[in-house]
Amino acid sequence: MATSSVKKAVERNSGLLSMELRVPFPSQQLAIVAYGSLFPDPEPRKEIVKKLRVEDKELVVLFTAPQARLLRVAFHSFLDHLDMTIQTMEKFGPADPQDV
Amino acid sequence: MDKKQGTDGPKPITVIGFEGSANKLGVGIIRDGEVLSNPRHTYITPPGQGFLPRDTAKHHQAHILDVLQQALDMAKVKPQDIDCVAYTKGPGMGAPLVSTAVVARTVAQLWNKPLLGVNHCIGHIEMGRRVTGAVNPVVLYVSGGNTQVIAYQLKKYRIFGETIDIAVGNCLDRFARVLKISNDPSPGYNIEQMAKKGEKLIDLPYGVKGMDVSFSGILSYIEDAAQSLLDSKQATPEDLCFSLQETVFAMLVEITERAMAHCGSEEVLIVGGVGCNERLQEMMGIMAAERGAKVFATDERYCIDNGAMIAQAGWEMFRTGHVTPLADSWCTQRFRTDEVEVTWRDDSGEPI
């Protein structure tokens with residue numbers, strides 16, 4: 001692979017790629033529900049690390065991976081599950097989102 | 001017909017179950033053994049194609065909220081009436097399992113109900129026992145993803161025999177692709193209809209290995225031989241379907257009989273999608289009658305993956321004290337049937 005020397009340089013610098021996503025919710029309770037739905041499943045690939053936390057009314061997700069294509073894959077599938085969680089809240093959550 | 005299981009007195013327990021481990025997406029609601037609703041939506045691929053995890057997950061994501069709404073509407077049940085949210089923890093395909101679990105976890109939290117991760121195989125077993133009334137059968141669990149012979153012993157559903165490679169349903173499904181047989185409603189159903197018109201029994205490799213079975217060999221043989229047999233007019237597609245069924249079903253009957261002899265059992269319960277097959281039921285019936293035993297099977301509502309079976313297993317687990325904390329609710333592609341503590345049956349197999 002032509003990029004093996006670049007790869008080694010990245011690894012030596014612990015240059016893992018990282019990406020942080022912030023998702024605002026109408027209430028902290030709903031952010032906590034989203035956390036509850038999305039944290040339990042580990043990433044299928046061990047090189048990808050996903051860390052979730054709640055900050056005030058936001059769900060914060062940090063992804064780290066050694067390669068961009070791994071980040072993309074993990075992020076893509078996370079967004080699908082996040083979308084499901086939000087759609088479920090919209091359809092089956094309380095009428096007043098403050099009410100959870 | 002639906003007998004209450006010792007629930008005179010305590011309040012009825014209502015469980016909703018979510019199933020999405022393969023290409024069937026189902027949500028079902030059970031109240032004390034009665035099925036209140038069981039809608040299902042199946043991801044069907046064009047002839048010649050199987051279903052892949054990513055596309056299957058997309059299908060489930062696209063339909064799950066509608067199927068959930070249907071389940072509530074048909075059962076005339078409101079979220080506050082539900083006591084427990086059950087879902088398939090595994091085994092199965094990763095992405096589809098997680099897509100389904102995420103919704104189950106969300107509603108469990110929104111509705112403030114306990115969550116219960118269920119073993120898919122045990123869902124089949126418990127629904128089979130409920131619907132048929134079989135007391136303590138040897139269970140043949142046969143589907144696209146699983147092939148096991150199971151019997152209850154001392155708090156576990158123990159695996160007496162199983163496939164050492166692919167499931168019998170997987171063998172049939174992949175053979176259907178070779179002949180470009182339609183996947184609507186399922187490849188196995190269409191093979192069954194064609195097999196009824198088959199007349200010639202082609203000699204195929206027979207793969208029983210002690211208590212276990214192997215289907216890879218017969219699949220690669222028939223995949224390789226099919227075209228030349230058809231071209232040389234030695235067999236019709238119907239003959240091939242007939243021959244494949246007769247051979248694989250004979251293998252299943254043999255290992256089931258072996259387990260029955262081991263356990264001294266007088267009952268056989270067939271569950272899983274391949275269990276819908278009437279020829280399999282017939283062949284099993286012949287063997288059982290020779291032993292003075294009886295065969296139990298369900299119709300396609302329950303032998304094919306569905307939500308109510310997860311709810312039923314969830315009902316048994318929940319009423320005997322199981323709950324799954326969120327941190328333990330991760331999905332898993334591998335989940336052995338004998339990993340679950342069967343708290344709802346005593347040492348002699350009677351309900352607790």
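Note that the structure is predicted; figures quoted are calculated from it, not measured. Just so we're on the same page: letters track the sequence lines, and every chain starts at 1.
In terms of heavy atoms, F92(A) sits closest to W111(B) at O-NE1, 3.4 Å. When all heavy atoms are compared, the tightest approach of I32(A) to Q109(B) is O-OE1, 3.7 Å. Looking at every heavy atom in both residues, K91(A) comes nearest to D66(B) through NZ-OD1, 3.6 Å. Contact between V102(B) and M84(A) at its shortest, heavy atoms only, is CG1-CB, 4.4 Å.
Taking T332(B), L115(B), L68(B), L97(B) one by one and counting their heavy-atom pairs under 4.5 Å with chain A, the maximum is reached by L68(B).
A heavy-atom distance below 4.5 Å is found between the side chains of L110(B) and L30(A). No side-chain heavy atom of D83(A) sits less than 4.5 Å from a side-chain heavy atom of Q61(B).
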- Could you walk me through whether Q87(A) and T106(B) pass side chain to side chain contact (heavy atoms under 4.5 Å, CB included), step by step? CA-CA 10 Å; Q87(A) 281 189 55; T106(B) 306; over 6 Å; no

- Please assess R54(B) against H76(A) for the test side chain to side chain contact (heavy atoms under 4.5 Å, CB included), listing each intermediate value before the final yes or no. CA-CA 11 Å; R54(B) 200 166 139 65; H76(A) 195 146; 3.6 Å; yes

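If you measure heavy-atom distances from Q333(B) to chain A, you find no contacts under 4.5 Å at all.
Annotation: salt bridge (charged side-chain N to carboxylate O under 4.0 Å, His left out) contacts involving residues 327-342 of chain B, sequence neighbours excluded, comprise E162(B)-R336(B).
By the 6.0 Å contact criterion, CZ on R53(A) is enclosed, its count of non-hydrogen atoms from other residues, nucleotides or ligands being greater than 12.
At a heavy-atom cut-off of under 4.5 Å, chain B is reached by G36(A), S37(A), L38(A), F39(A), P40(A), D41(A), P42(A) from residues 34-44 of chain A, listed in order of number.
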